Amino acid sequence: MGLYYKNLLVGFEHRDFQAFSRSLLHLDFDRASILFPNGSKHLVVDTCHEDIQFTFLKEEYEELKDLLNQALLMLEVNKYTSTSP
């Protein structure tokens with residue numbers, strides 16, 4: 001699976017995408033964000049690579065949460081509507 005958002009393109013195994021999405025959805029921006037030197041608050045998200053993190057402004061985080069919720073819903077719908085032998 002691929003996650004494409006703004007300038008990010010990340011590949012996931014199906015299960016890893018779901019785990020990443022759910023963990024991101026449970027974050028509280030106001031509690032977890034930090035103030036950057038330019039004066040804006042950013043949410044810093046760790047990845048499975050020690051030296052790589054993603055940062056999101058509140059508006060970006062809210063948009064991404066909405067998109068991830070939609071993606072998880074579509075995966076759930078696909079699971080129940082796909083015809084497998």
Side-chain angles (χ1 to χ4, degrees):
M1 302 197 75
L3 168 63
Y4 172 60
Y5 178 75
K6 298 197 184 256
N7 62 341
L8 297 177
L9 179 58
V10 184
F12 290 96
E13 292 294 326
H14 183 86
R15 220 173 70 202
D16 295 334
F17 174 78
Q18 289 179 317
F20 175 81
S21 297
R22 289 191 176 107
S23 69
L24 210 66
L25 292 170
H26 286 96
L27 294 175
D28 180 344
F29 183 91
D30 294 321
R31 290 185 56 216
S33 62
I34 59 173
L35 190 62
F36 270 44
N38 67 358
S40 60
K41 283 187 157 192
H42 289 253
L43 178 65
V44 178
V45 177
D46 291 326
T47 68
C48 60
H49 298 281
E50 181 179 314
D51 297 329
I52 300 174
Q53 294 84 33
F54 302 141
T55 67
F56 301 100
L57 295 167
K58 186 166 188 162
E59 298 79 24
E60 293 171 329
Y61 175 63
E62 293 299 326
E63 180 181 39
L64 182 58
K65 275 181 30 177
D66 183 49
L67 295 170
L68 291 173
N69 271 319
Q70 290 178 42
L72 290 173
L73 179 61
M74 291 305 297
L75 288 171
E76 199 66 19
V77 167
N78 189 46
K79 181 171 83 174
Y80 290 110
T81 59
S82 66
T83 54
S84 302

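Residues: numbered from 1 along the sequence shown. What you see is a predicted model, and the numbers here were worked out from it, not measured in a lab.
By the salt bridge (Lys or Arg N to Asp or Glu O under 4.0 Å) test, Asp51 is found to be paired with no residue, residues two or more places apart in sequence or in another chain being considered.
Of the possible donor and acceptor atoms, none in the side chain of Glu59 sits under 3.5 Å from a partner among the backbone N and O of Phe56. A side-chain donor-acceptor contact under 3.5 Å links Thr47 to the backbone of Ile52.
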| task | For the pair Leu3 and Leu8, evaluate side chain to side chain contact (heavy atoms under 4.5 Å, CB included) and give the outcome as yes or no after the intermediate values. | result | CA-CA 7 Å; Leu3 168 63; Leu8 297 177; 5.8 Å; no
| message | Let's go through Leu67 and Tyr4 carefully: what are the C-alpha distance in whole Å and the side-chain angles of both, what is the deciding distance for side chain to side chain contact (heavy atoms under 4.5 Å, CB included) to 0.1 Å, and is it a yes or a no? | response | CA-CA 10 Å; Leu67 295 170; Tyr4 172 60; over 6 Å; no
| request: Could you go through the side chain to side chain contact (heavy atoms under 4.5 Å, CB included) check for Thr55 and Phe36 one step at a time? | output: CA-CA 10 Å; Thr55 67; Phe36 270 44; 3.9 Å; yes
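Atom CD of residue Glu63 and atom CG of residue Leu68 lie 10.5 Å apart, to the nearest 0.5 angstrom. Leu75 contributes atom CG, which lies 12.0 Å from atom CD of Gln70 (distance to the nearest 0.5 angstrom). Atoms NZ and NE2, on Lys65 and His26 in that order, are 10.0 Å from each other to the nearest 0.5 Å. In this structure, Lys79 NZ and His14 NE2 are separated by 7.5 Å, a value rounded to the nearest 0.5 Å. The OG atom of Ser33 sits 8.5 Å away from atom CG of Asp28, with the distance rounded to the nearest 0.5 Å.
Considering only heavy atoms from C-beta on, Leu64 stays 4.5 Å or farther from Lys6 through its side chain. Contact check for Leu25 versus Asn69: side-chain heavy atoms found under the 4.5 Å cut-off. Under the 4.5 Å side-chain criterion, counting only non-hydrogen atoms from C-beta, Tyr61 is in contact with Leu24. Contact check for Asp30 versus Lys58: side-chain heavy atoms found under the 4.5 Å cut-off. At a threshold of 4.5 Å between non-hydrogen side-chain atoms, the residues Glu60 and Tyr5 count as touching.
Minimum interatomic distance between Phe29 and Leu57 (heavy atoms only, all atoms of both residues): CE1-C, 3.7 Å.
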